[in-house]
Amino acid sequence: FYEALADRGELDARASFNRGLAYAKRVQIHAEVPGDLGRAVHGLAEAAELTRDRVLRKRADEGVTLLRAEVARRRARVGEPAEVVRSGPAIRILGEAIGERTLNLLALVFAYVASLALVVRRWLSVRSRLAASATTVIAGLAAFVTVAVSYEMRRDRVTAQQAIVVVPSSRFSDDRGIVKPGDSALPEGAEVDVLEKRSGLWRVRWGRTEGFVTPTSVRELARTDTR
């Protein structure tokens with residue numbers, strides 16, 4: 001029933017939550033089929049993305065954490081790295097820590113300070129002019145950096161679609177579909193960014209690592225259109 005709703009494109013946080021619980025329950029009673037852990041993570045993560053209910057979001061996030069801990073335990077047992085969650089690019093981490101709105105505000109403040117210092121320096125003494133020039137340069141650079149980070153965040157938010165790995169094991173390949181040697185398997189339940197879709201292959205990013213996977217190995221997260 002819940003899968004049918006998802007297939008029809010119904011955006012309902014509770015339906016996604018219940019779908020995730022159904023897969024998690026199948027894992028709990030030892031009746032799982034390959035990919036159930038990833039599908040359970042997908043349902044709960046999607047619920048957290050869609051809902052405005054703080055209680056539901058908290059329960060969904062807690063469920064995702066528990067499921068990924070089980071994935072990590074299983075990977076460690078077979079000698080795979082237990083890592084399931086990876087940090088993204090540094091510029092994205094910085095932007096998420098500060099916030100896009102705050103970055104835009106800071107860019108305006110830095111630009112205003114740089115402009116003000118440039119205007120008033122003509123009426124200052126030689127020593128003060130040096131300080132004003134330094135302020136102009138520093139504030140200008142700060143404005144440029146904050147604008148660049150904000151732009152990168154927005155571009156990433158608009159172009160990248162989040163997805164969850166829903167197969168027990170998936171490895172990065174190149175654009176010809178040839179598996180990259182030495183790369184560890186993408187963990188089931190991991191969140192990746194879908195950067196590009198080609199026929200038979202999708203380019204995704206996990207943390208700071210990019211590569212191609214088959215579309216059936218990941219499932220995109222539905223989300224409200226707030227971009």
Side-chain angles (χ1 to χ4, degrees), residues 11 13 42 45-52 54 57-58 60-61 64-65 68 83-165 172 174-175 183 186 190-198 201-213 215 218-227:
L11 296 182
H42 178 273
E46 187 171 83
E49 179 71 31
L50 294 175
T51 189
R52 294 183 178 180
R54 293 184 179 180
R57 182 180 294 112
K58 181 181 179 182
D61 287 338
V64 168
T65 299
R68 284 177 173 158
E83 182 183 31
V84 180
V85 179
R86 276 189 179 179
S87 298
I91 193 169
R92 181 175 175 180
I93 296 173
L94 175 63
E96 289 176 349
I98 298 175
E100 192 173 341
R101 290 185 179 179
T102 303
L103 283 170
N104 292 334
L105 179 60
L106 286 174
L108 289 174
V109 171
F110 288 135
Y112 175 77
V113 171
S115 300
L116 183 63
L118 187 62
V119 169
V120 303
R121 68 182 295 275
R122 67 181 66 181
W123 295 293
L124 300 175
S125 63
V126 174
R127 182 175 297 179
S128 297
R129 285 180 183 175
L130 291 175
S133 297
T135 300
T136 301
V137 172
I138 294 171
L141 287 174
F144 175 79
V145 170
T146 50
V147 167
V149 173
S150 178
Y151 171 79
E152 190 65 24
M153 278 191 68
R154 177 169 179 77
R155 186 183 66 85
D156 196 55
R157 178 164 55 85
V158 170
T159 59
Q161 169 68 46
Q162 283 68 48
I164 301 296
V165 179
F172 279 128
D174 59 22
D175 57 359
D183 280 356
L186 278 170
E191 182 176 308
V192 298
D193 296 320
V194 179
L195 306 176
E196 179 186 1
K197 295 180 180 180
R198 299 184 181 182
L201 288 173
W202 287 5
R203 184 167 64 90
V204 304
R205 178 177 62 213
W206 179 45
R208 303 178 187 180
T209 306
E210 293 185 15
F212 289 86
V213 298
V218 297
R219 184 171 180 175
E220 291 179 305
L221 289 169
R223 58 184 177 187
T224 54
D225 189 10
T226 58
R227 290 177 289 176

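In this chain, numbering begins with 1 at the start of the sequence shown.
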remark   = Rounding to 0.5 Å, atoms CH2 (Trp202) and CG (Asp193) come to a distance of 13.0 Å
message = Pair Glu210, Arg203 - check side chain to side chain contact (heavy atoms under 4.5 Å, CB included), show working.
response = CA-CA 7 Å; Glu210 293 185 15; Arg203 184 167 64 90; 2.8 Å; yes
task = Kindly write out the residues that satisfy side-chain contact (heavy atoms from CB on, under 4.5 Å) with Ala142, not counting sequence neighbours, or none if the list is empty.
result = Phe110
query = In Å and rounded to the nearest 0.5 Å, what is the CG to CD1 distance from Leu141 to Ile138?
reply = 8.0 Å
inquiry  = Testing the basics here: between Gly140 and Ala114, what is the closest heavy-atom pair and its distance to 0.1 Å?
reply    = N-CB, 3.8 Å
ask   = About how many Å separate CD of Glu46 and NE2 of His42, when rounded to the nearest 0.5 Å?
value = 4.5 Å
Side chains of Val213 and Phe172 in contact at under 4.5 Å (non-hydrogen atoms) = yes
query = Are Leu108 and Asn104 close enough that some pair of their side-chain heavy atoms sits under 4.5 Å apart?
reply = no
request  = Report yes if some heavy atom in the side chain of Leu201 is under 4.5 Å from a heavy atom in the side chain of Asp175; otherwise report no.
outcome  = no
key: Closest non-hydrogen atom pair, Leu50 against Ala13   = CB-CB, 3.9 Å
ask   = Which heavy-atom pair separates Ala107 from Ala143 by the least distance, and what is that distance?
value = O-CB, 3.9 Å
request  = Measure from the side-chain N and O atoms of Ser150 to the backbone N and O of Thr146, and report whether any donor-acceptor pair falls under 3.5 Å.
outcome  = no
inquiry  = Testing Gln162, Gln161, Lys197 one by one against Glu220 for a side chain to side chain donor-acceptor pair (under 3.5 Å), which residue passes?
reply    = Lys197
task = Mark yes or no for whether Arg57, through its side chain, and Thr51, through its backbone, hold a donor-acceptor pair below 3.5 Å.
result = yes
